[in-house]
Number of protein chains: 2
Amino acid sequence: MEAKEISKAVIKRLPRYYRYLGELIEENVERISSGDLSKKMHVTASQIRQDLNNFGGFGQQGYGYNVHYLYMEIGKILGLDTIHPMIIVGAGNLGQALANYSDFEKRGFRLVGIFDVNPVLEGISVRGIGIQMINTLPEFLKENPVEIAILTLPKHKAKEMANVLIKNGVKAIWNFAHIDLDAPEDVIVENVHLSESLMTLSYNLSQYRKEHVEEKKETEN
Amino acid sequence: MEAKEISKAVIKRLPRYYRYLGELIEENVERISSGDLSKKMHVTASQIRQDLNNFGGFGQQGYGYNVHYLYMEIGKILGLDTIHPMIIVGAGNLGQALANYSDFEKRGFRLVGIFDVNPVLEGISVRGIGIQMINTLPEFLKENPVEIAILTLPKHKAKEMANVLIKNGVKAIWNFAHIDLDAPEDVIVENVHLSESLMTLSYNLSQYRKEHVEEKKETEN
DNA sequence: TAGATTGTTAATCGATTAACAATC
DNA sequence: TAGATTGTTAATCGATTAACAATC
């Protein structure tokens, strides 16, 4: 049985399904059809059924999908049924903001350490976790199982520290630095490039304006 | 002359080209061919040429692309040649982290106000800008031109405030709240759903493990 | 001019949507 | 059983890659 590769596009949509299903649970909705869900989410029913069927038949003909069951199943697919020990590397504003993000904990992402290069920050406690100096990191990784490292260091330091993380067995890096890390293929890298997101917004803004300056031309047609 | 719609996929790649070109400028590289750039960026040369030709012929046969010229042109396409006045709505950890992000300023994104609902924060200054109470926002928007609002409020407050922003003429929302805003089509919304990004990482991590637990099966083939 | 490399058309590949038989 | 809705195959659409003539 070949492990059929699931496309990145599908995977990116899973968390959004998960979110909507969570909301439906809060509203005490017990079942939903792909048709109804598609209206809520502004996607096609076909896409929902195709996406889900990559992972198995979660629905039932004539009935639809059981909301709670589907929620749990997608949770499992996303790996939210296990605890993921996590460290933050870079305790600046963004690092600290993420440390304070209690939602992650709920989903099994457990913060176990915070590290920085700046001695001024040493010992300062964020959400009960003291900031440690980065030279203690290799030892820490030997003694504590860590799956995910959140990399919130400025870009000139990020590349170097990424290598330390990888060398010491971290299996995934959530990268907020504005660089492309070149990690071996057994290390997962997920990038959050905020400035690129803002530029995309800026593009759309500029584009919209251009189109509407040209509204006069439309009247000629 | 019809305004041919440019695909979202292309637009998302533009900031990355921009970033690599910026690096090339720092390395004093004057020109580059699509072939060489493709190796650096791990994409196909074909894609680079196709992408760029959506916006015009920036290169020259037999020569390649002038790095500085292309950098400037992509900057213009992304709207980085103009100033975008910007406010932050939600002065929690993330809001403050973004306020402290000096890189945005360099690209023309100028922070002109910070707002929150929490009276404890009133008057506290972040990067020289005092946090204001959110009820002063409509008046502020009347007196100050604001293009972009960064929405870093918890989700239950975010929807409501998004409506206030839209009603008062904000043209774009950079949304960090875990909800889908339904804005009119003349308001640009760019979402940064951090928890969804982390779930994608978690999926890839779990998936990788599953595949490598099954490595034993591979030996049977 | 000859060599290099673009701009662009054509071919391929993958993702989305539509359709419908299977089935609860 | 009849109606509803899935799971899945087939059709369409769009994006990526390959190829090459145009041209610097």
Write down the distance between CG (N66(A)) and P (dT6(D)), rounded to a whole number of angstrom. 13 Å
Nucleotide of dT8(D), dC24(D), dT5(D) approaching N53(A) most closely (side-chain heavy atoms): dT8(D)
From CD1 of I48(B) over to P of dA15(D), roughly how many Å is that when rounded to an integer? 18 Å
Record whether the side chain of Q50(A) comes under 3.5 Å of the base of dT17(C) through a donor-acceptor pair of N or O atoms. yes
Are OP1 or OP2 of dG7(C) and a side-chain N or O of Y65(B) less than 4.0 angstrom apart? yes
Find the distance K8(A):NZ to dA15(D):P and express it as a whole number of Å. 16 Å
Pick the nucleotide of DNA chain C nearest each of F58(B) and V10(A); which residue has the one closer to the 5' end? F58(B)
To the nearest Å, how far apart are N54(A) CG and dA15(C) C1'? 11 Å
Complementary nucleotide of dT12(D), counting Watson-Crick and G-U pairs under 3.5 Å: dA15(C)
Distance-minimising heavy-atom pair for T152(B) and G95(B): OG1-CA, 3.5 Å
R49(B) side chain N/O closer than 4.0 Å to the phosphate oxygens (OP1, OP2) of dT6(C)? yes
Go through dA15(C), dC24(D), dT8(C) for me and flag the one nearest to the Q61(B) side chain. dC24(D)
E190(B) and T200(A): side-chain hydrogen bond (donor to acceptor under 3.5 Å, both in side chains), yes or no, with the steps? CA-CA 8 Å; E190(B) 172 78 16; T200(A) 303; 4.7 Å; no
Test side chain to side chain contact (heavy atoms under 4.5 Å, CB included) on Y208(A) and K171(B) and set out the steps. CA-CA 10 Å; Y208(A) 187 84; K171(B) 282 297 149 234; 5.9 Å; no
Salt-bridge criterion met for K76(A) and D81(A) (N-O under 4.0 Å): no
Rounded to the nearest Å, what distance is computed from the CG atom of residue L70(B) to the P atom of nucleotide dT5(C)? 16 Å
With both distances under 3.5 Å as the test, what is the Watson-Crick or G-U wobble partner of dC20(D)? dG7(C)
So which one's nearest nucleotide on DNA chain C is more toward 5', Q47(A) or G62(B)? G62(B)
Would you mind reading off the distance between I6(A) atom CD1 and dG14(C) atom C1', rounded to a whole angstrom? 15 Å
Examine dT6(C): is either OP1 or OP2 under 4.0 Å from a nitrogen or oxygen in the side chain of S34(B)? Give yes or no. yes
Rounded to whole Å, the CG-P distance (L52(A) to dT8(D)) equals 12 Å
Measure the distance from CZ on F55(A) to C1' on dG7(D) and round it to the nearest whole Å. 15 Å
Does a side-chain N or O of S46(B) approach OP1 or OP2 of dA18(D) to a distance below 4.0 Å, or not? no
Below 4.0 angstrom from OP1 or OP2 of dT16(C), is there any side-chain N or O of R13(A)? yes
Using the benzene-type ring in the case of Trp, are the ring centres of F104(B) and W174(B) under 6.0 Å apart? yes
